[in-house]
S.K.: 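For reference, the structure I am asking about is given below.
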There are 2 protein chains.
Amino acid sequence: MQTSGDRRQLQLALGEQINALLSATRALSERSAAHFHPALQPAAFHVARWLYAYGPAKPSVVAEAVGMDRSSTSTLIGKMRTLGLLSADPSPGDRRSITVGLTPEGRARVAATLEDRGQEFYTRTESWTTDDLTRLVELLGRLTAEP
Amino acid sequence: MQTSGDRRQLQLALGEQINALLSATRALSERSAAHFHPALQPAAFHVARWLYAYGPAKPSVVAEAVGMDRSSTSTLIGKMRTLGLLSADPSPGDRRSITVGLTPEGRARVAATLEDRGQEFYTRTESWTTDDLTRLVELLGRLTAEP
DNA sequence: CGATATAGTGGGGATATGCAAACCAGTGGT
DNA sequence: ACCACTGGTTTGCATATCCCCACTATATCG
């Protein structure tokens, strides 16, 4: 019971830490979104960032994943396609659907935006040992891996 | 040079992982925000969550930290005070300013919202060893600690 | 084959938030 | 005592996003 209690405590603690991280990065995210592309609404960045992290997907999946409405996502994807940031192919096995993904240019622009506004976190880990850094990357990787 | 190159790689990898985590949690955050309190706008949740993670602060600091405009933050804080979620005391040493913090009820409501919609991450760590879980919590704690 | 469901797209109205400006009370320097 | 400045609040306006609805093309089930 001690062990399972500790376990519970740990999961709660993880929740608090993730929460703190989300709080700390929210301002950064919104500002990145606002500066992502001059011709696009902020939400475009959230779409692009998700595709950057998880790869090509159908619009409906993207909308669900980023917590946006399907119509907004659709028009946003349309604009990003005409700007050359996204490419679309017919989804295999369903001719109603398309699969969208970042073009090299889109990928580069996301990377640039992240780089541009993410300096702060680099400096935070400056004093860390390489070992700790490696482990954090590895653990986060496991946490965010698709189920 | 090998070492510093590896270091650079690691920091980039950390950026990617944090990015993936933010992407993965964005939908959850927005939905939590929408359901936080029936009489409040979504952004109230972001304010409350930040105060939950980092403790009482001046309105201007909160606005800056969550990346919101000061006027919206001000009216939002006003509403939350009348709802009994936030309390305000005069800031020590500056009579123009106040310091706002969550009331016990506000704290409970944030916790309930997080609990309510954060189940998914608990199940993700179910198969982890206690050791890994402990270490992730510890490393995240160091990452989000105030500079 | 026919009926119903789903993927993507578009429109129209409601709301939340950002931005700019004005204002007041209090602060700090001169 | 003055004056420039800052923290907080409020107001008016612009825009982004959501929500509901409709429409077309395809898919799936009977």
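Keep in mind that what you see is a predicted model, and the values were worked out from it rather than measured. To find a chain, count down the sequence lines: A is the first, B the second, and so on, and within it residues start at 1.
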S.K.: Which heavy atom of B:Val137 sits nearest to which heavy atom of A:Leu10, and what is that distance?
M.R.: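 Closest heavy-atom pair between B:Val137 and A:Leu10: CG2-O, 3.9 Å.
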
S.K.: What I want to find out is whether B:Glu115 reaches B:Arg109 closely enough, with some N-O distance under 4.0 Å, to be called a salt bridge.
M.R.: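 A salt bridge is absent here (no side-chain N lies under 4.0 Å from a carboxylate O).
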
S.K.: Taking A:Tyr54 for its side chain and B:Ala20 for its backbone only, find out whether a donor-acceptor pair lies under 3.5 Å.
M.R.: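 Checking the backbone N and O of B:Ala20 against the side chain of A:Tyr54, a donor-acceptor pair under 3.5 Å is found.
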
S.K.: Take atom CD of A:Gln41 and atom P of C:dG18, then tell me their distance rounded to the nearest Å.
M.R.: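 Rounded to whole Å, this separation is 16 Å.
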
S.K.: Please tell me which of A:Thr73 and B:Met68 maps to the more 5' nucleotide of DNA chain C, matching each residue to the nucleotide holding its nearest heavy atom.
M.R.: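 Between the two, 5'-proximity favours A:Thr73.
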
S.K.: Do B:Arg49 and B:Ser29 have side-chain N/O donor and acceptor atoms under 3.5 Å apart?
M.R.: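 Yes, side-chain donor-acceptor contact under 3.5 Å.
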
S.K.: Kindly state which residues belonging to residues 74-100 of chain B come within less than 4.0 angstrom of DNA chain D, counting heavy atoms of the residue only, listed by number.
M.R.: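 Hits under 4.0 Å, by residue number: B:Ser74, B:Arg96, B:Ser97, B:Ile98.
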
S.K.: A:Leu40 has an atom CG; how far is it from atom C1' of D:dT17, in whole Å?
M.R.: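 The answer, rounded to whole Å, is 15 Å.
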
S.K.: Across the strands shown, which category fits B:Ser60 at heavy-atom distances under 4.0 angstrom: base, sugar-phosphate, nothing?
M.R.: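 Since only primed, P, OP1 and OP2 atoms lie under 4.0 Å of B:Ser60, the category is sugar-phosphate.
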
S.K.: Both conditions, 6.0 Å and 45 degrees, for the charged tip of B:Arg142 above the ring of A:Trp128: are they met here?
M.R.: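 Here B:Arg142 passes the 6.0 Å and 45° test against A:Trp128.
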
S.K.: Please report, rounded to the nearest Å, how far the P atom of D:dT9 is from the NZ atom of B:Lys58.
M.R.: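 Taking NZ of B:Lys58 and P of D:dT9, I get 12 Å after rounding.
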
S.K.: Tell me: CZ of A:Arg70 to P of C:dT6, nearest whole Å?
M.R.: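 For the pair A:Arg70 CZ and C:dT6 P, the rounded distance is 10 Å.
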
S.K.: Between B:Asp69 (CG) and D:dA16 (C1'), how many Å, whole number?
M.R.: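 Going from CG in B:Asp69 over to C1' in D:dA16 covers 15 Å.
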
S.K.: Below the 4.0 Å mark, does D:dT10 have OP1 or OP2 next to a side-chain nitrogen or oxygen of B:Ser71?
M.R.: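 Looking at the OP1 and OP2 atoms of D:dT10, neither is under 4.0 Å from any side-chain N or O of B:Ser71.
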
S.K.: From CD of A:Glu64 over to C1' of C:dA7, roughly how many Å is that when rounded to an integer?
M.R.: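 The distance from CD of A:Glu64 to C1' of C:dA7 comes to 14 Å, rounded to the nearest Å.
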
S.K.: Quick one, B:Arg31 and B:Phe45 - any side-chain contact, counting heavy atoms below 4.5 Å?
M.R.: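 No, side chains not in contact.
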
S.K.: Round to a whole Å and report the spacing from CD of A:Glu30 to P of D:dT17.
M.R.: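 In whole Å, D:dT17 P and A:Glu30 CD are 10 Å from each other.
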
S.K.: Looking only at heavy atoms, which two atoms of B:Leu51 and B:Ala57 are closest? And how far apart?
M.R.: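 Minimum heavy-atom separation between B:Leu51 and B:Ala57: CD2-N, 4.1 Å.
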
S.K.: Round to a whole Å and report the spacing from CZ of A:Phe45 to P of D:dA16.
M.R.: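 Rounded to whole Å, this separation is 17 Å.
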
